[in-house]
Amino acid sequence: MNRPEPDSRDLFAIADLAKEFGISTRAIRFYEAKGLLAPERVGATRIFRRRDRARLILILRGKRLGFSLRDISDYLSLYDADRSQQVSLLIGKVDERLASLQAQLSDLQTTISELKEIKKLADERIKQAG
DNA sequence: ATTCTCACA
DNA sequence: TGTGAGTA
C-alpha cells in the first residue's frame, strides 16, 4: 500500500488515526460509510488530512457525550452550509441530551433508594433472627 | 498491510 | 454501533 509520507505532518493513513485514538480501522471506515468522514483516495487507499482528523476528533467527542452518529452527522453537515443553523441544532441536541441524562439520573436515584430500603429491611430481619 | 462485503449481535 | 471472517 502507498501510505502517506511518515514525516508529512498533515497526511494520515487509516491505521495512524486508529492507533492515535484507540479505535479500530473498521470503526473509521464505518464512520465514512455513514457519511461522517470523506477522506481523499489514492486508488483504494484513504488519505486523511488534518481536516479529516479534526472531524474524527469531533465525532469521538460527540460519542463520549452520548450522541448518536446520526446526531453527529447532522451537526457536521452544517459546518460548511449554515453555521447559525449548526449552533441552533447543537443547542437543541444538547438540551435533549441533558434532559435524557437528568431523567436517567432521576431513575437511578429512585432505584438506589429502593435498594437501600430493601437492604435496611433485610438488615433488620437479620438482627431479629440472629 | 489495506480494501470491500456480508453476516451477525 | 460496530465486529469477525473471507477476499483480492
Considering only side-chain heavy atoms of [X], which listed nucleotide, [options], is closest?
| X | options | answer |
| --- | --- | --- |
| Ala44(A) | dG4(C), dG2(C), dT3(B) | dT3(B) |
| Ala27(A) | dT3(C), dT1(C), dT3(B) | dT3(C) |
| Arg26(A) | dA5(C), dT1(C), dG2(C) | dA5(C) |

**Message:** Is any side-chain heavy atom of Leu56(A) closer than 4.5 Å to one of Phe12(A)?
**Reply:** no
Between [atom2] of [N] and [atom1] of [X], the distance in whole Å:
| X | N | atom1 | atom2 | value |
| --- | --- | --- | --- | --- |
| Phe67(A) | dG2(C) | CZ | P | 15 Å |
| Ile28(A) | dT1(C) | CD1 | P | 17 Å |
| Lys34(A) | dT5(B) | NZ | P | 14 Å |
| Phe30(A) | dA7(B) | CZ | C1' | 14 Å |
| Phe12(A) | dT2(B) | CZ | P | 16 Å |
| Glu32(A) | dT2(B) | CD | P | 15 Å |
| Arg29(A) | dG2(C) | CZ | P | 15 Å |
| Ile23(A) | dT3(C) | CD1 | P | 9 Å |

**Prompt:** With respect to the phosphate group of dG2(C), does any side-chain polar atom (N or O) of Tyr31(A) fall under 4.0 Å of OP1 or OP2?
**Reply:**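 Checking Tyr31(A) against dG2(C): at least one side-chain N or O falls below 4.0 Å of OP1 or OP2.
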**Complete:** By the Watson-Crick or G-U definition, both distances under 3.5 Å, dT3(B) is matched with none
**Asked** Taking the six-membered ring of Phe48(A), is the NZ or CZ of Arg46(A) close enough (under 6.0 Å from the centre) and on axis enough (within 45°)?
**Response** no
**Request:** Under 4.0 Å between any heavy atoms, over every strand shown, what does Thr25(A) touch: base, sugar-phosphate, or nothing? Just pick one.
**Result:** nothing
**Message:** Between Ser73(A) and Asp71(A), do the side chains contain a donor N or O and an acceptor N or O under 3.5 Å apart?
**Reply:** no
